[in-house]
Number of protein chains: 2
Amino acid sequence: MQPTARRGRPRKQEADARILDAALELLLDCGYDRFSVDEVAAKAQVAKTTLYRRWPTKDHLIVAVVARIQDEVPVEYSGDVRADLTRYLNEIVNGLNRMRQVGRATASGDASAGLVAEVAAAAARHADVGAAVQAMFARRNALVLTLLEQAREHGELRSDVEPGVLFDQLAGALYYRLLVTGRPIDAAYVDRLVTGALTGASA
Amino acid sequence: MQPTARRGRPRKQEADARILDAALELLLDCGYDRFSVDEVAAKAQVAKTTLYRRWPTKDHLIVAVVARIQDEVPVEYSGDVRADLTRYLNEIVNGLNRMRQVGRATASGDASAGLVAEVAAAAARHADVGAAVQAMFARRNALVLTLLEQAREHGELRSDVEPGVLFDQLAGALYYRLLVTGRPIDAAYVDRLVTGALTGASA
DNA sequence: GCAATTACGCAACAGCAGTATCGAAAAGGC
DNA sequence: GCCTTTTCGATACTGCTGTTGCGTAATTGC
C-alpha cells in the first residue's frame, strides 16, 4: 500500500465502492445469469470504461464481490477437535446456504452451487483470479489449519496427520457434494463426515 | 429408445457425429476459451440451426463432448481395499492429466481444472445439464461404491462406514485440490489421502 | 502558468451466444 | 399425387462482453 501521489488524475475512490455495491445488489436481485456489466455500470452511475479499468473482466468483478462478502470465521482450539471441526464446517455450510438466496430466479436448482462453480471457473480462466481465489481460501482456512496442528501437538490427532490433507478431505467432500452429486448438505452429513475422517474407515 | 418412424424429415444422423468430432477437435486445438459454436458449426459443415436443435446451448454441447471422452474404468474388489482405492483414484488423476493437454493455449495454468470447473458451472446453470453430469459421475463411480460395500461386508472396513461419505472424502479432496488450492496432485498425494481416510486422524 | 500524465464519460465497434424467419428438402399419412 | 410434419441451410437480428478512440477533467512537476 503506497499512497504514492501518482502523476495523473487520481481515481475516484467513491466509484469503487459504488460499483461493488451495485454489483452485489444486482447479484442478490437477479442472480448470476441476469448479471450484466452494463447494468452494473448503469446502476453505479459510472461509465463502463471506469469499471473495466478496475476489474478487467466480468469474472474479476464477480470474484471481487464474492471476496467482499466473505466474512472471517473466528476459530480457536478448544481442546476438542471434533467439536471445533464440526462447528467450522457447519459455518461453511451456513455460508453456502446464505448464498442460496442469491438469484432465486435462476430456477436451475442451487444458486450457491452456481456461484461457487462460477468462481471456480473464473479462477481457472484467469491466472490472476486463480491466485486471488487461492489467497481468499488460504486466508479463510489458515486458522483451521493451525488449529489442526495444535490438536496434533496436543495429542488429539495422530502425529503423522497432515493438516492440509485432512482439511482437503473435509472441505473437498462438502464442495464435491454440492457441485457434483448435488445432494443436500446438512448438519447430520457434516457430523458423519467428521466422524468418518477422524475415526477412519479401516476396521 | 423408440425408433418410432416420426412424421417429418428425419434427422441427419451423420450430423451429430460430425458436430461432436468437430467440437472435440476444436477443444483439443484451441482450448475452451477459443471454443466458439459458430466455428464448430463451420468445421462440421453444418448450419448453426442444426447444431442448436441438438444441443440448445454451448454448455450442453461441451458436456456432451466431455461425456463422450469419459471412458469407464473397470473396478473389481481384490480383497485389498487400500490398493483398489489407490488404483482408482490414480486413474481419475490420470484422466485429469490427460485433459491437461486440452487447450494448452489458455496460458492460465491448468486446462484440466478449467474443463472441470466449466462443466461444474454448466451443471449449475442448467438443471438438465446438472442431471446429466450427476448421472455421468454416478455411472462412473457406481462400481467403486459397490466395491466399498463389498469391502465392508468382507470385514475390511468398519461396519458403520458409509461408502458414499467415504468416497466424497476421497474424490472431493482431489477436485478441491485441483480447483481451489491449485496444488499438484500426484501418486504420493493419493497415497497420503487414502492412508488418511482409512486410518483416520484421531490418535 | 504550463506540460505531462492519468482518469473520466461518451460513443462506436468487434466478436460470440442464441433467436427468428424464410424457402427448400425429405419423410409419413391418406 | 397431395398434404402435413419436421429438418435443413442461409441470413439477419438482439443482447452481452470487452475494446477503442476522443474530448475533457483533475492532479503532479516545474
Side-chain angles (χ1 to χ4, degrees), chain A residues 2-19 22-23 26-27 30-65 103 105-106 108 118 121-122 125-126 128-129, chain B residues 2-19 22-23 26-27 29-65 103 105-108 118 121-122 125-126 128-129:
Chain A
Q2 332 137 4
T4 328
R6 306 236 325 250
R7 267 300 300 268
R9 171 176 177 173
R11 287 201 179 167
K12 208 189 288 177
Q13 300 294 348
E14 174 201 7
D16 299 60
R18 275 224 313 272
I19 292 171
L26 197 61
L27 194 60
C30 306
Y32 184 86
D33 43 354
R34 290 191 206 166
F35 180 94
S36 89
V37 179
D38 278 332
E39 208 165 338
V40 172
K43 194 187 267 269
Q45 291 183 328
V46 152
K48 227 175 17 160
T49 332
T50 303
L51 194 158
Y52 271 103
R53 191 171 297 112
R54 291 163 165 77
W55 297 280
T57 72
K58 178 180 176 176
D59 285 337
H60 289 76
L61 178 57
I62 288 282
V63 171
V65 171
T106 51
S108 80
E118 226 60 66
R125 278 190 282 254
H126 318 279
D128 54 345
V129 174
Chain B
Q2 333 136 6
T4 329
R6 306 235 325 250
R7 268 299 300 270
R9 171 175 176 172
R11 285 200 180 166
K12 207 191 288 177
Q13 299 295 347
E14 172 200 8
D16 298 60
R18 274 224 312 272
I19 293 171
L26 197 63
L27 195 61
D29 286 358
C30 307
Y32 184 85
D33 43 354
R34 290 192 204 165
F35 180 94
S36 89
V37 179
D38 278 331
E39 207 165 338
V40 172
K43 196 187 264 270
Q45 291 184 327
V46 153
K48 228 176 14 160
T49 329
T50 303
L51 193 157
Y52 271 102
R53 191 171 296 112
R54 290 162 166 77
W55 296 279
T57 73
K58 178 180 177 177
D59 285 338
H60 288 77
L61 178 57
I62 287 283
V63 171
V65 171
T106 51
S108 80
E118 225 60 66
R125 279 191 280 253
H126 318 278
D128 54 345
V129 174

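Source: prediction; values computed, not measured. Residue numbers begin at 1 in each chain, while the letters A, B, ... track the order of the sequences.
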d(CG, B/Leu26; C1', C/dA17) in whole Å
15 Å
Rounding to an integer number of Å, can you tell me how far A/Leu51 CG sits from D/dT19 P?
12 Å
Atom CD1 of A/Ile62 to atom P of D/dC16: distance rounded to whole Å?
15 Å
Quick one: does A/Arg125's side chain have a donor or acceptor within less than 3.5 Å of a partner on B/Asp33's backbone?
no
Got a sec, which residues hit salt bridge (charged side-chain N to carboxylate O under 4.0 Å, His left out) with B/Asp38, two or more places apart in sequence or on another chain?
B/Lys48
Pairing of A/Lys43 and A/Glu39 as salt bridge, 4.0 angstrom limit
no
Less than 4.5 Å apart, side chain to side chain, heavy atoms only: is that true for B/Trp55 and B/Val40?
no
Given atom OH of B/Tyr52 and atom C1' of D/dC13, what is their separation to the nearest angstrom?
14 Å
In this structure, how many angstroms lie between the C1' atom of C/dG15 and the CG atom of B/Asp33, rounded?
14 Å
Atom pair distance, as rounded to whole Å: CZ in A/Arg34 and P in D/dG15
15 Å
In this structure, how many angstroms lie between the P atom of D/dA26 and the CD atom of A/Glu14, rounded?
14 Å
Rounding to a whole Å, what distance do you find between B/Ile19:CD1 and D/dT7:C1'?
12 Å
Between B/Tyr32 and B/Ile62, is there a side-chain heavy-atom distance shorter than 4.5 Å?
yes
Could you check whether B/Asp16 pairs with B/Arg54 (Lys NZ or Arg NE/NH1/NH2 to Asp/Glu carboxylate O, under 4.0 Å)?
yes
Indicate for each nucleotide in nucleotides 3-13 of chain C, in 5' to 3' sequence, whether protein heavy atoms under 4.0 Å reach the base (B), only the sugar-phosphate (S), or nothing (-).
-BBBBBBB---
